[in-house]
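Here's the structure, in structure tokens; my notes come after.
Proteins come first, then strands; the chains are lettered A, B, ... in the order of their sequence lines, and each starts at number 1.
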Protein chains: 4
Amino acid sequence: MFINIDLQSDDPIYTQLKNQIIASIARNEMRPGDGLPSVRRLAADLGINLHTVNKAYQQLKQQGFILIHRQKGVVINPEGIPAADEQYRESLERVLSPLVAESFCKGITEKEFTTLCQKLFGQLTNEGGWR
Amino acid sequence: MFINIDLQSDDPIYTQLKNQIIASIARNEMRPGDGLPSVRRLAADLGINLHTVNKAYQQLKQQGFILIHRQKGVVINPEGIPAADEQYRESLERVLSPLVAESFCKGITEKEFTTLCQKLFGQLTNEGGWR
Amino acid sequence: MFINIDLQSDDPIYTQLKNQIIASIARNEMRPGDGLPSVRRLAADLGINLHTVNKAYQQLKQQGFILIHRQKGVVINPEGIPAADEQYRESLERVLSPLVAESFCKGITEKEFTTLCQKLFGQLTNEGGWR
Amino acid sequence: MFINIDLQSDDPIYTQLKNQIIASIARNEMRPGDGLPSVRRLAADLGINLHTVNKAYQQLKQQGFILIHRQKGVVINPEGIPAADEQYRESLERVLSPLVAESFCKGITEKEFTTLCQKLFGQLTNEGGWR
DNA sequence: GTGGTCTAGACCACA
DNA sequence: GTGGTCTAGACCACG
């Protein structure tokens, strides 16, 4: 797993971390049951604060991406990632909606937009995502 | 134009305001050349501070959605909204990428995702968006 | 004399007006002794406020570019424009200084900068400026 | 870095601040990677409001002079200042044009004008500007 | 302790 | 009356 943190980004570090771990799972680089570095370890490796890593882990745990055992450490949820529920679909639509509106205003067609989405999906499945 | 501000939302007020104005333009409820309320007026109507409205307006101006006209006040850019450049497309991809990865992990298929996008686009064009 | 006002500009209207009148004089389109439209006339022609035209005229008068007679109307100073004094040279340096610093930071060389200045001067003298 | 704010000046405080920081960079007093005081610190030192400092910083950030680094705080862009693009050159010409016209009217020759520019450039390079 | 956001209230330049 | 600038003081997210 390669994590790349951009300290100049407007995205908070814990968000970048969370997103990159999710991306690793989606790309099948990390599989259910695989272990992740401990909070301390990852913080040291990335040169960032303990609390920052912890916050990312807590959110991933809360969404069911990972499990945190006091002894076994941190692992990708061995039972796989919980499927999206209705609530998630609604939040996805709420996030997507302003992106679509802005893109539309700027002349990006539905076709171009969906093609971009397909490209991004393709980058996952071509590399053998686990679903 | 109906603006609805959710003071409890995690999104900052000025972002909500910006997004809703963009949405109004996309839905063709507001057309190039149309006027917007003055900073003070809108702030009073929404019961928020004028600086908050101003911040939204400044960002919309900077992106070319609106112009601050010395006599007519604030208007939707009469020449239309500037088309997306390469930089915008890249930023769009950067924003979309984690959404796609997370959705993918949660079992949302490419088909379902693009269908959602199409639905959102449809809500704009069905109502006669200006592009 | 062609005056072009951009109501969307960040420059105040009276400044644009003042600058364009000065440019007309520099390009020798208007000569010492020539008349300018009355405040009312020019305001009507440009579709702007009386006070705005008046403010531009007052500043031009104060700098010695024009004379305002109650009867003869507004004329370009028949004795020519007063030469720059030391105070003007200082203010010019104060204005130029940040432009030079910013340009320098952005990689614009002294040569490119002075070439640009020469070009702008050339646009005046080629057309037969009065000096 | 010495910052001198003139509260009586017509220039807004944030503009003076911005210009002086740019001048410091141009004079090579501050180099890429160097840190700047935090918004609060600088505001306290200068006896002005933190929002005013923040506005200057935001504009410098937007022009690529500085980065807001999550750990190091505010730093001069370590990759150097972005080079001028065509748009900047046009805006420079728009700003310079009325200065040239006015100077010309007041009898300042092309030679004197360019000599002044060279002097201002010289003040930067003599002290070892970074370009 | 940092920057980001929001509020309240003030003065000024512009039109 | 408009937007632009500035101040003072507050809370929150981030690290």
When rounded to whole Å, the CG to P distance for the pair D/Leu50 and E/dG1 reads 15 Å
Check: residues 92-101 of chain A side-chain donor-acceptor pairs under 3.5 Å, at least two apart:
from	atom 1	to	atom 2	distance (Å)
A/Glu93	OE1	B/Lys119	NZ	3.1
A/Glu93	OE2	B/Lys119	NZ	3.1

Tell me the interatomic distance from B/Leu67, atom CG, to F/dG3, atom C1', rounded to whole angstroms. 15 Å
For B/Phe65, is there any backbone N or O sitting under 3.5 Å from a side-chain donor or acceptor partner on B/Asn77? no
Integer-rounded Å distance: E/dC14 P and C/Ile5 CD1: 14 Å
Pairs meeting criterion side-chain hydrogen bond (donor to acceptor under 3.5 Å, both in side chains) with involvement of residues 33-52 of chain D, two or more places apart: D/Arg41-D/Asp45, D/Asn49-D/His51
Do the side chain of D/Ser9 and the main chain of D/Asp6 share a donor and acceptor less than 3.5 angstrom apart? no
Kindly say whether D/Ile22 contributes a backbone atom to a donor-acceptor pair with the side chain of C/Glu102 at under 3.5 angstrom? no
Where along residues 34-44 of chain B does a heavy atom fall under 4.0 Å from DNA chain F? B/Ser38, B/Val39, B/Arg40
When the distance from OH of D/Tyr57 to P of E/dT2 is rounded to whole Å, what number comes out? 11 Å
Applying side-chain contact (heavy atoms from CB on, under 4.5 Å), run through C/Ile21 and C/Leu60 and close with a yes or a no. CA-CA 9 Å; C/Ile21 291 173; C/Leu60 287 168; 3.7 Å; yes
Contact between C/Tyr14 and C/Asn54 at the side-chain level, heavy atoms closer than 4.5 Å - yes or no? no
How many Å lie between CD on A/Gln8 and P on E/dG3, as a whole number? 14 Å
Is any side-chain heavy atom of C/Ile48 closer than 4.5 Å to one of B/Gln71? yes
Rounded to whole Å, the CD-C1' distance (D/Gln58 to E/dT5) equals 12 Å
Whichever of B/Gly73 and D/Gln59 has its nearest DNA chain F nucleotide further upstream toward 5': B/Gly73
Grab the stems for DNA chain E, please: at least three consecutive Watson-Crick or wobble pairs, both distances below 3.5 Å, written as range with range. E:1-14 with F:1-14
State whether D/Asn54 places a side-chain N or O below 4.0 Å from either non-bridging phosphate oxygen (OP1 or OP2) of E/dG3. no
Polar-atom pairs under 3.5 Å, protein N or O versus N or O of nucleotides 13-15 of chain F: list them with distances, or write none.
from	atom 1	to	atom 2	distance (Å)
F/dC14	OP1	A/Tyr14	OH	3.1
F/dC14	OP2	A/Tyr14	OH	3.3
F/dC14	OP2	A/Lys55	NZ	2.7
F/dG15	OP1	A/Ile13	N	2.9
F/dG15	OP1	D/Arg70	NE	2.8

Listed by chain and number, what are the side-chain contact (heavy atoms from CB on, under 4.5 Å) partners of C/Asp10, not counting sequence neighbours? B/Lys61
For the CD atom on B/Glu90, are there more than 12 heavy atoms of other groups (residues, nucleotides or ligands in this structure) within a distance under 6.0 Å? yes
B/Ile48 CD1 - E/dA8 P separation (whole Å): 11 Å
Validation row: D/Leu36, D/Val75 side chains within 4.5 angstrom (heavy atoms): no
Would you mind reading off the distance between B/Lys72 atom NZ and F/dG3 atom P, rounded to a whole angstrom? 15 Å
